[in-house]
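Quick note: residue numbers are just sequence positions, from 1. In this text the structure is predicted, and so the values were computed from the model without any measurement. First listed ligand is number 1; within each ligand, the first listed atom is number 1. Computation of the quantities below employed the complete heavy-atom set of this structure, encompassing side-chain atoms and omitting hydrogens, waters and symmetry-equivalent molecules.
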Amino acid sequence: MITMMSVETPAKVILFGEHAVVYGEPAIAMAIDLTMRMTAVRAKKYTVDGYTMTDKHHIFIKRSIEKFWNRGPLQIYTETNVPSSSGMGSSAVVTICTIGIINAFQGTFEKEKIAREGFEIEYDVMGMASPCDTSVCTHGNGIMISKRKEKNHLWSIEKNDKTWHIHHVDVPDLPFVVGYTGIKGSTKKMISKVARYVKKSRFAMDEIREIGEIVLMAKDSLHENDLEKLGKLMIRNNQILVNLGVSHPLLDKLVSAVSRSCYGAKISGAGGGGCMIALCKNVEKVVERIEKAGGIPFSVNVHREGIRRVF
Ligand code: PMV
């Protein structure tokens, strides 16, 4: 019997399309080289990093185990450099690690199955979520999520009459820096805020549709490695997110602080705190300016592999 298993899963950033994806528009996300390593050892009692496993502190791990594992207690250890509630997908990372470990113990390790099961857990816990984070953290590289099936289709996920098609996107190596505000954003609150706006205003829905158009142009620009164009699309996407009310004074400050040293910058993820991302002309300058403006910079690269078994 195998008694120990270890996996590693990358975090993510949303390059284009957050919020609009909730309304069926496409979005592009990229796995980044901030990771979590999770190791599980068969034991007499469930623990996480030496503490008893509880709903309050380990909800994603606990729900994953309750739903997909019945072969006895595990001692779980985590090691990570992904800040929690930062817009970089920390809940998807911990969920995908747990599901990956369970699958590996059961003798399978298929990315599609892991992404599907991971989404089930995120959806159960959050009440509302798209399979964007769980898919990109599992698959690695880039993904585009859309309501139409297109070239480079990986898998489709259905939930409550909704279908999301997940596609592979080959993201070139680009000089991205993430600026974390240090403020924990609430995805749920931000989604509800946009929903209220969309309900009462045609303008908001038009803005959502425009994000969808930006995403499709961005997909081509990524393919062509056209940094100038990508930057302009990021700036436009950011303006719409600001118009939709999901920014935060510190996010605005970080985006404007880096503007002269990058092709473009935008909020990444749900907003209201969390993080922004810049496509840099000068990485050192962007890092310096984010720090000076009160943010925490992470110079990130695309993580090509996605989830992997360590041993
Ligand atoms: O901030 P994050 O990583 O939770 O990203 C949320 C992205 C949304 O589009 C707002 C919601 C979703 O589920 O796609």
Residues W155 and S135: side-chain donor-acceptor under 3.5 angstrom: yes
Considering only heavy atoms of [X], which atoms of ligand 1 have at least one such atom less than 4.0 Å away?
X    : answer
T187 : 1 (O), 2 (P), 4 (O), 6 (C)
D133 : 3 (O)
K12  : 2 (P), 3 (O), 5 (O)
G87  : 1 (O), 3 (O)
E18  : 9 (O)
I191 : 11 (C)
V21  : 9 (O), 14 (O)

Only one of R309, K111, K113 clears side chain to side chain donor-acceptor pair (under 3.5 Å) with N103; which? K113
Using side chain to side chain donor-acceptor pair (under 3.5 Å) as the criterion, point out the one residue from R289, K285, K281 that pairs with S261. R289
Could you check if a side-chain atom of I101 sits within less than 4.5 angstrom of a side-chain atom of M38, using non-hydrogen atoms only? yes
Below a 4.0 angstrom heavy-atom separation, can you tell me which part of A270, side chain or backbone, both or neither, approaches ligand 1?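 Contact part for A270 vs ligand 1: both backbone and side chain.
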Does a salt bridge link D173 with R304, judged by any charged N lying under 4.0 Å from a carboxylate O? yes
When the ring planes of H139 and H168 are compared, do they come out parallel, tilted or perpendicular, using 30° and 60° as the limits? perpendicular
